[in-house]
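Inspection log for the structure reproduced underneath, given as structure tokens.
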Amino acid sequence: MVAYHARDRSSAAPSVTRVRRITAELPDRDVVEEAAALLREGQVVAIPTETVYGLAADATNAAAVLRIFEAKGRPSWNPLIVHIASVDDLHTVARDVPDLARELARHFWPGPLTLVLHRSPQIPDIVTGGRDTVGIRVPDHPVAQAIIRAAGVPLAAPSANPFMAVSPTTAEHVVGGLAGAIPLVVDAGPTRVGIESTVVDLTTAPPQLLRPGGVPREALEALLGPLAAPTLASDGESRASPGMLDRHYAPRARVTLFDRREEAVAASLAARARGERTAVVTWSGPIPGTDAIVMPDDPAAFAARLYQMLHALDEAGVDRAWVERPPATPGWEAVINRLDRAVAH
Ligand code: TXA
Ligand code: MG
């Protein structure tokens, strides 16, 4: 067990963050019980899921959920996803569940798909930002499932990063952002999917794709037919999924997407000559004679390493990064969405 102390946080409670390692395949009961006990007491705990690490609290306890917002510095109008251990628990968090939701659950749960449904009275306003709907998913991770079951309550959990920062795919990322603000991080190693769940609103007809993510659009459209884009309010903010159009997932480095590698290399060299730290990131293979970072050319494999790469830029003190624009094909939709947000400074 490792303990980290707060660096410069002025907020009260807890000032020491413990990190407990756990094996994903065979979750250690002691660690699961420690996390569950804190959650039952109304504390927050960072837990692994297959997408990113989540900052969990008892979704039925408004005071506990408030601690999530405090730790993240997140505005409370941005609703949270509620995590349950199995589709059998859906009725405890949602009401008027349409057959379509059960069909999607059969195909994609456990997995990186969040369904927005009408909320049950058990779910307090603070979870949903006062909406009548709630986002729900069953994470495909044995540790997350074991902790939900041991806690005996649904868990509200956003990504375990400070508001607007890059989501964490390792316990080290969580500690880097939230040390001193939370009592416990359950460390099961790097997450498998690497980007957040796909969010689909089933309370509208046709259903709306609120956020592309771990489940590709084509897989959903094969069952649902064409998905609608989210409706935008006049200020450009998404009415259905507030927070989606914010600058999110951004590293400290200024990120530019490039199409032509020669131009990226030239711009990077020019910036280096001015004393800036730079990086060039490709997916189409190494750039001879440069130290370009080479990412996978498959979208799922790229996604699995995306946040790790953005965190690494920050750790290396990179000022400017040029990232090769992925192909505009459907499989890359979620990666392009996250890269666009990393660019928007
Ligand atoms: O993979 C994930 O989804 C991760 C892991 C921890 O499960 N969680 C995550 O949570 O990404 P968060 O809070 O960072 O993102 C939740 C997204 C936001 O875009 C939010 O606006 C949307 O889901 N959302 C949640 N509840 C909603 C609701 N009732 N209506 C519309 N959008 C909702
Ligand atoms: Mg997030």
Side-chain angles (χ1 to χ4, degrees), residues 44-57 59 65 68-69 71-84 93-94 108-120 123-141 143-145 147-148 154-169 173-174 177-178 186 188 191-204 207-215 230-231 237-250 303-304 307 334 337-338 341-342:
V44 295
V45 176
I47 63 168
T49 81
E50 81 281 30
T51 57
V52 300
Y53 276 74
L55 185 57
V65 175
I68 295 178
F69 290 96
K72 280 182 65 97
R74 170 161 163 153
S76 59
W77 41 257
N78 199 353
L80 305 177
I81 293 171
V82 172
H83 299 70
I84 53 178
V93 289
F108 299 107
W109 284 358
L113 177 66
T114 295
L115 300 178
V116 173
L117 298 167
H118 292 292
R119 73 161 148 162
S120 88
I123 301 299
D125 275 346
I126 188 165
V127 172
T128 69
R131 283 170 186 67
D132 187 40
T133 59
V134 58
I136 302 159
R137 82 181 190 95
V138 176
D140 185 16
H141 198 294
V143 173
Q145 293 208 3
I147 292 173
I148 298 168
L155 298 181
S159 50
N161 52 280
F163 181 55
M164 304 274 262
V166 176
S167 297
T169 58
H173 296 161
V174 178
L178 296 177
V186 178
T191 62
R192 175 172 56 81
V193 175
I195 58 169
E196 297 83 349
S197 61
T198 303
V199 181
V200 176
D201 188 346
L202 293 183
T203 67
T204 60
Q208 294 181 22
L209 179 68
L210 299 182
R211 178 175 72 182
V215 171
T231 18
E237 181 61 90
S238 166
R239 203 173 297 163
S241 194
M244 256 327 283
L245 298 185
D246 283 339
R247 175 189 149 219
H248 255 81
Y249 317 110
Y307 292 153
N337 172 278
R338 301 305 191 277
R341 285 164 210 290

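Whatever order the structure lists them in is the order used to number ligands and atoms, beginning at 1.
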Looking only at heavy atoms, what is the nearest atom pair of Trp109 and Ile84, with distance?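 It is CZ3-CD1, 4.4 Å.
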Tightest non-hydrogen contact, residues Tyr307 and Ile195, listed as CE1-CA, 3.9 Å
Are the side chains of Leu80 and Arg74 in contact, using a 4.5 Å heavy-atom criterion?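 Result yes, sub-4.5 Å side-chain heavy-atom pair found.
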Using a 4.5 Å cut-off on heavy atoms from C-beta on, say whether the side chain of Ser167 contacts that of His173.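 Heavy-atom side-chain distance check fails, nothing below 4.5 Å.
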I'd like to know if the side chain of [X] and the backbone of [Y] have a donor-acceptor N/O pair within less than 3.5 Å.
X	Y	answer
Glu50	Asp140	yes
Thr114	Gly135	no
Arg137	Ile81	no

Would you say [X] and ligand 1 have an N/O pair spaced under 3.5 Å apart?
X	result
Arg131	no
Glu196	no
His83	yes
Arg137	yes

Near [X], which atoms of ligand 1 are under 4.0 Å from a heavy atom of that residue?
X	answer
Thr51	1 (O), 2 (C), 4 (C), 5 (C)
Ala157	6 (C), 8 (N), 10 (O)
Arg74	12 (P), 13 (O), 14 (O)
Asn78	20 (C), 21 (O)
Gly54	6 (C)
Thr133	28 (C), 29 (N), 30 (N)
Val134	29 (N)
Leu210	31 (C), 32 (N)

Going by distance alone, is a donor N or O of one side chain under 3.5 Å from an acceptor N or O of the other, for Ser159 and Glu196?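 Side chains of Ser159 and Glu196: no pair found under 3.5 Å.
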Any donor-acceptor N or O pair under 3.5 Å, side chains Ser197, Thr51: no
If we only consider heavy atoms of Ile81, is any one of them less than 4.0 Å away from an atom in ligand 1? yes
At under 4.0 Å between heavy atoms, is it the side chain or the backbone of Asp201 that contacts ligand 1, or both, or neither? neither
I'd like the name of whichever of Gly135, Ser159, Gly111, Pro48 reaches closest to atom 14 (O) of ligand 1 through any heavy atom.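 Nearest heavy atom to atom 14 (O) of ligand 1 lies in Ser159.
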Would you say Asn161 has an N, O or S atom lying under 2.8 Å from the Mg ion (ligand 2)? no
Output the distance between atom OG1 (Thr133) and atom NE2 (His118), rounded to the nearest 0.5 Å. 8.0 Å
